[in-house]
Undergrad: 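Attaching a single structure in structure tokens format; questions to follow.
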Amino acid sequence: MKKYKFYLVGTFLLTLILVSCKETKNKEVLSNDKTSALKAGYEIEPVNIQNVKLTDSFWLPIIKRVQEVTIDYAIKKCDEEGRFENFLIAGKQKTGTTRGDMPFDDTDVYKIIEGASNTLISAPNPKLERVLDSMIAIVKIGQEPDGYITTWRTINPAKPPATWVPVIEGKRWESLQISHELYNPGHLIEAAVVHYEATGKTNFLEIAIKAADMLVRTFGDNPGQVKGVPGHQIVETGLLKLYQITGKKEYLNLAKYYLDNRGNPKNHKLYGEYAQDHTPILEQKEAVGHAVRAVYMYAGMTDIAALMKDKGYENAVNNLWENMVNKKMYITGGIGSRHDGEAFGVNYELPNLTAYNETCAAIGDVYWNHRLHNLYGTSKYFDVIERTMYNGLISGISLDGKQFFYPNALEADGVYKSNRGSCTRQGWFDCSCCPTNLIRFIPSIPGLIYSKTNDVLYVNLYASNNASFQLGKADLQISQQTSYPWNGKIAISVNPKKESKFTIKLRVPGWARNEVLPGDLYSYKKASDQKATINLNGEILAIQPENGYFTITRNWKKGDKINLNLPMEVQEVVTNPKVVTNANKVSLEYGPLVYAVEEMDNKTNFDKIDVTSSDTFKVKKEANLLQGVNVIENSKLKAIPYYSWSNRGVGKMKVWLDYKGN
């Protein structure tokens, strides 16, 4: 058993002396037979990030910035605001009252550990690993003996950090709707699984297992158990991930219990649409309520559909996806149009100045769509993922890695304080879920590039990288060289250890097939007549995309080379007429990037900018602007990639431009 002597917290130091720190595996749990859990899962599996070394000129600098700047910055902020101290107070190693304003402040620590763990896979860092061990040791101090872990309630159940958390008798679980007592261990479990997979250590996993086992004992319909479901979803996906690495069916069953009982008035007093608790989930056909909660829940539902081959869940997920993508998604991939409740609006309610589009919702939507691709293997889910990642997700973090958007508006007038009280990015928030969620997500991006079955390799995203992994019986090395998203030329080298027959599917993005997003919410004003082309070893292949992929099945041998060309041109996008806010407007795109005009580039005519049917555009690389971007310009305007706006101070911005013409 590990013993600890520690620590100095409060000066951005997490100093911990580890005594008897040999890692031991939790034999009781980790020795369980995992075969049934894994076999029952998705047909398609991602290629793990540990097998993909990114060399990309677009994504690698963003990931490195998170590794080298944002993680340290967030740890310092969490230290200053008492996130670590709360665990020590809960464990009676320090005295004091709960610090911070939110009942879910614990999760900032978990998300930092998760993101940093992912960075350790691609870039081993003994110093960072020691910092994580220190953070995990501090978390352990705050866990109660039976596994319960929510520091504010352990410190003083009668005094929540937020006045909107009701206290009745001060008991556990009495205010599940808003207490975040299940959200907190949900993020802990998610992070612990990633840490275990990244490092092989079980120090964090053991904390998560102890918490999960406590939940299994606590919740259910048996005498003496608590009936209820989470107010804010995520514990479901955490439990399902834990099931997949342990094979312990109690975790699977509890996740399904939480989902099955949502909207069940016999189980608990319903929380309403805000928490997707207004009707049973199998009857839900419209994306409503708090957008982050929704997509986390939909991800868990997709897991159940895959793991349990549950057609009811599958049908519900498909209905919800169709509604969201066809009627409730912004051109940037953002979701959740209303500040009130951080929520989806009604169908086609997509305001621009007051758009919410929480960064966490974009991240959750990527997680959900990745699961759907693993279930079905069609490219439309990666069309959503790509659009979200390049636009409405990385817009959430500044180019220096220290400023953030919580909401991501599509218009700014320099007056309306859309970003939780600011007209521009902020250095932190009292509710800091978005900065730490970006830390959690961005280092995992290499794991989205490829996925596979026994004999099929899916190339889903284009970014320079070198990857090595097993595809069925073939030892395969594959590499990409590209300047994507600035141009659409991709060179891929395929090098199996020995000649092998398998299939490679190369995604042709929706924008390269004249499809903005799946469905009819957006369309191009004029379809491009340029077509994606592919050649193999110098020979053009006369094939058409199927389900959004160029498919090549052959005996592959070392040295085979694929060249994919996805022609890019400036495109004007229009919106379904039912979206009244975008009537007689267009937005500009180039490849996967949505563009915006910003006042500092258009000082003399910003309010008069329009697009006419006779306008032409040119694309120009500006290496010294916004860390190097392609700009779109003509005699009337200069546009920059949407993700890069608000890095030069407060000013006006808009994505949708007045259109004058036929």
Undergrad: Judged by atom type as modelled, is there a donor-acceptor pair below 3.5 Å linking the side chain of Thr279 to the main-chain atoms of Gly263?
TA: no

Undergrad: Working note: Lys201 + Asp133, criterion side-chain contact (heavy atoms from CB on, under 4.5 Å); need CA distance, chi angles, decisive distance, verdict.
TA: CA-CA 10 Å; Lys201 295 180 177 180; Asp133 283 339; 2.7 Å; yes

Undergrad: Please tell me whether Gln480 and Tyr450 have a donor and an acceptor in their side chains that are separated by less than 3.5 angstrom.
TA: yes

Undergrad: State which residue, out of Asn374, Asp303, Thr302, Thr453, fulfils the side chain to side chain donor-acceptor pair (under 3.5 Å) condition with Tyr42.
TA: Asp303

Undergrad: How close do Ser179 and Trp152 get, heavy atom to heavy atom, and via which atoms?
TA: O-NE1, 3.6 Å

Undergrad: Is there a donor-acceptor pair under 3.5 Å between the side chain of Glu314 and the backbone N or O of Ala305?
TA: no

Undergrad: By ring-ring contact (aromatic ring centres under 6.0 Å, His included), which residues pair with Tyr313, not counting sequence neighbours?
TA: none

Undergrad: Do Ile552 and Leu506 pass the side-chain contact (heavy atoms from CB on, under 4.5 Å) test, and can you show the C-alpha distance, the side-chain angles, and the key distance before you say yes or no?
TA: CA-CA 8 Å; Ile552 309 172; Leu506 300 111; 4.0 Å; yes

Undergrad: Tell me yes or no: between the side chains of Asp260 and Asn264, is some donor less than 3.5 Å from an acceptor?
TA: no

Undergrad: Which label fits His232 and His290: parallel for a plane angle under 30°, tilted from 30 to 60°, or perpendicular past 60°?
TA: perpendicular

Undergrad: Check whether any side-chain heavy atom of Phe502 lies under 4.5 Å from a side-chain heavy atom of Val494, and answer yes or no.
TA: yes

Undergrad: With heavy-atom distances below 4.5 Å as the criterion, would you say the side chains of Ile304 and Leu252 are in contact?
TA: yes

Undergrad: On a heavy-atom basis, which atom in Pro265 and which in Leu270 lie closest, and how many Å separate them?
TA: N-CD2, 3.8 Å

Undergrad: Which word best sums up how the rings of Tyr381 and Tyr376 line up, parallel for under 30°, tilted for 30 to 60°, or perpendicular for over 60°?
TA: parallel

Undergrad: Can you pull out every salt bridge (Lys or Arg N to Asp or Glu O under 4.0 Å) where at least one residue sits in residues 224-235? Sequence neighbours excluded, please.
TA: none

Undergrad: Got a donor-acceptor contact below 3.5 angstrom from the Lys497 side chain to the Gln477 backbone?
TA: no

Undergrad: Hey, what do you get for OH (Tyr196) to OG1 (Thr202), rounding to the nearest 0.5 Å?
TA: 8.0 Å

Undergrad: Ignoring hydrogens and angles, state whether a donor on the side chain of Asn408 or Thr359 is under 3.5 Å from an acceptor on the partner side chain.
TA: yes

Undergrad: Search all heavy atoms of Asn326 against all heavy atoms of Pro518 and return the closest pair with its distance.
TA: OD1-O, 4.3 Å

Undergrad: Taking the side chain as every heavy atom from C-beta outward, state whether Asp56 and Asn465 have any atom pair closer than 4.5 Å.
TA: no

Undergrad: According to the salt bridge (Lys or Arg N to Asp or Glu O under 4.0 Å) rule, which pairs have a member within residues 263-282, sequence neighbours left out?
TA: none

Undergrad: Ring centres under 6.0 Å, that's the criterion: do Tyr110 and His187 meet it?
TA: no

Undergrad: Carefully, step by step, assess Ser432 and Arg83 under the rule side-chain hydrogen bond (donor to acceptor under 3.5 Å, both in side chains).
TA: CA-CA 11 Å; Ser432 51; Arg83 303 285 194 271; 3.0 Å; yes

Undergrad: Indicate yes or no: does Glu114 engage Lys111 in a salt bridge with an N to O separation below 4.0 Å.
TA: no

Undergrad: Between the side chains of Ser451 and Asn460, does any donor sit under 3.5 Å from an acceptor?
TA: yes

Undergrad: Looking only at atom types and distance, does a side-chain atom of Tyr484 sit under 3.5 Å from a main-chain N or O of Leu461, one as donor and one as acceptor?
TA: no

Undergrad: Would one find more than 12 heavy atoms of other residues, nucleotides or ligands at under 6.0 Å from atom CD of Glu546?
TA: no

Undergrad: So Leu438 and Val66, do their side chains get closer than 4.5 Å, heavy atoms only?
TA: no

Undergrad: Test your reading of the model: is there a side-chain donor-acceptor pair from Asn391 to the backbone of Pro592, 3.5 Å cut-off?
TA: yes

Undergrad: Can you confirm whether Val194 sits close enough to Ser444 that some side-chain heavy atom of one is under 4.5 Å from a side-chain heavy atom of the other?
TA: no

Undergrad: Checking His195 now: which residues fulfil side chain to side chain donor-acceptor pair (under 3.5 Å) with it, not counting sequence neighbours?
TA: none

Undergrad: Locate the shortest heavy-atom distance separating Pro545 from Val508; write the atom from each residue and the value.
TA: CG-CG2, 3.9 Å

Undergrad: May I ask you to check whether Trp321 and Asn369 show a side-chain donor-acceptor distance below 3.5 Å?
TA: yes

Undergrad: Any side-chain to backbone donor/acceptor pair from Gln143 onto Ile207? Under 3.5 Å, distance only.
TA: yes

Undergrad: Assert yes or no for the condition that the ring centre distance of Tyr462 to Trp59 is strictly below 6.0 Å.
TA: no

Undergrad: Would you say that Asp106 contacts Phe87 through its side chain, given a criterion of any heavy-atom pair below 4.5 Å between the two side chains?
TA: yes

Undergrad: Do we see a donor-acceptor contact under 3.5 Å between the side chains of Asn347 and Asn323?
TA: yes

Undergrad: Is there a side-chain contact between Tyr296 and Pro230 (heavy atoms, below 4.5 Å)?
TA: no

Undergrad: Could you measure the distance from the CG atom of Asn454 to the CD atom of Gln470? Nearest 0.5 Å is fine.
TA: 9.5 Å

Undergrad: Please, which pairs that meet salt bridge (Lys or Arg N to Asp or Glu O under 4.0 Å) have at least one residue in residues 171-197, sequence neighbours excluded?
TA: Glu144-Arg172, Asp146-Arg172, Arg153-Glu181, Glu169-Lys171, Glu190-Lys241, Glu190-Arg440

Undergrad: Could you go step by step and tell me if Asp108 and Met102 meet the side-chain contact (heavy atoms from CB on, under 4.5 Å) rule?
TA: CA-CA 11 Å; Asp108 291 330; Met102 300 294 159; over 6 Å; no

Undergrad: Which distance, rounded to the nearest 0.5 Å, do you find between the CH2 of Trp556 and the OG1 of Thr503?
TA: 9.0 Å

Undergrad: Could you check whether any side-chain N or O of Arg513 sits under 3.5 Å from a backbone N or O of Gly548, counting only pairs where one atom can act as donor and the other as acceptor?
TA: no

Undergrad: Mind running side-chain contact (heavy atoms from CB on, under 4.5 Å) on Asp221 and Asn267 for me, showing each step along the way?
TA: CA-CA 9 Å; Asp221 291 327; Asn267 180 267; 4.0 Å; yes

Undergrad: Just by distance, with hydrogens left out, do Glu342 and Tyr406 show a side-chain donor and acceptor under 3.5 Å apart?
TA: yes

Undergrad: Find out whether Leu372 and Trp368 are in side-chain contact, i.e. whether some heavy atom of one side chain is under 4.5 Å from a heavy atom of the other.
TA: yes

Undergrad: Could you give all pairs that pass the salt bridge (Lys or Arg N to Asp or Glu O under 4.0 Å) test and reach residues 442-456, with sequence neighbours left out?
TA: none

Undergrad: Ignoring hydrogens and geometry, is there a side-chain-to-backbone donor-acceptor pair from Lys328 to Phe344 under 3.5 Å?
TA: no

Undergrad: Look only at the side chain of Asn466 and the backbone of Lys53, and say whether a donor-acceptor pair between them is shorter than 3.5 Å.
TA: no

Undergrad: How close do Ile449 and Ala463 get, counting heavy atoms only, and between which atoms?
TA: CD1-CB, 4.3 Å

Undergrad: If you measure from the Lys or Arg side-chain nitrogens to the Asp or Glu carboxylate oxygens, is any gap between Glu206 and Lys140 under 4.0 Å?
TA: no

Undergrad: For residues Tyr271 and Arg262, is any side-chain donor paired with an opposing acceptor at under 3.5 Å?
TA: no

Undergrad: What are the two closest heavy atoms between Ala116 and Leu132, and how far apart are they?
TA: CB-CD2, 3.7 Å

Undergrad: Are any side-chain N or O atoms of Glu236 and backbone N or O atoms of Ile234, one a donor and one an acceptor, separated by less than 3.5 Å?
TA: yes

Undergrad: Assess the side chains of Gln276 and Gln233: does a donor N or O sit below 3.5 Å from an acceptor N or O?
TA: yes

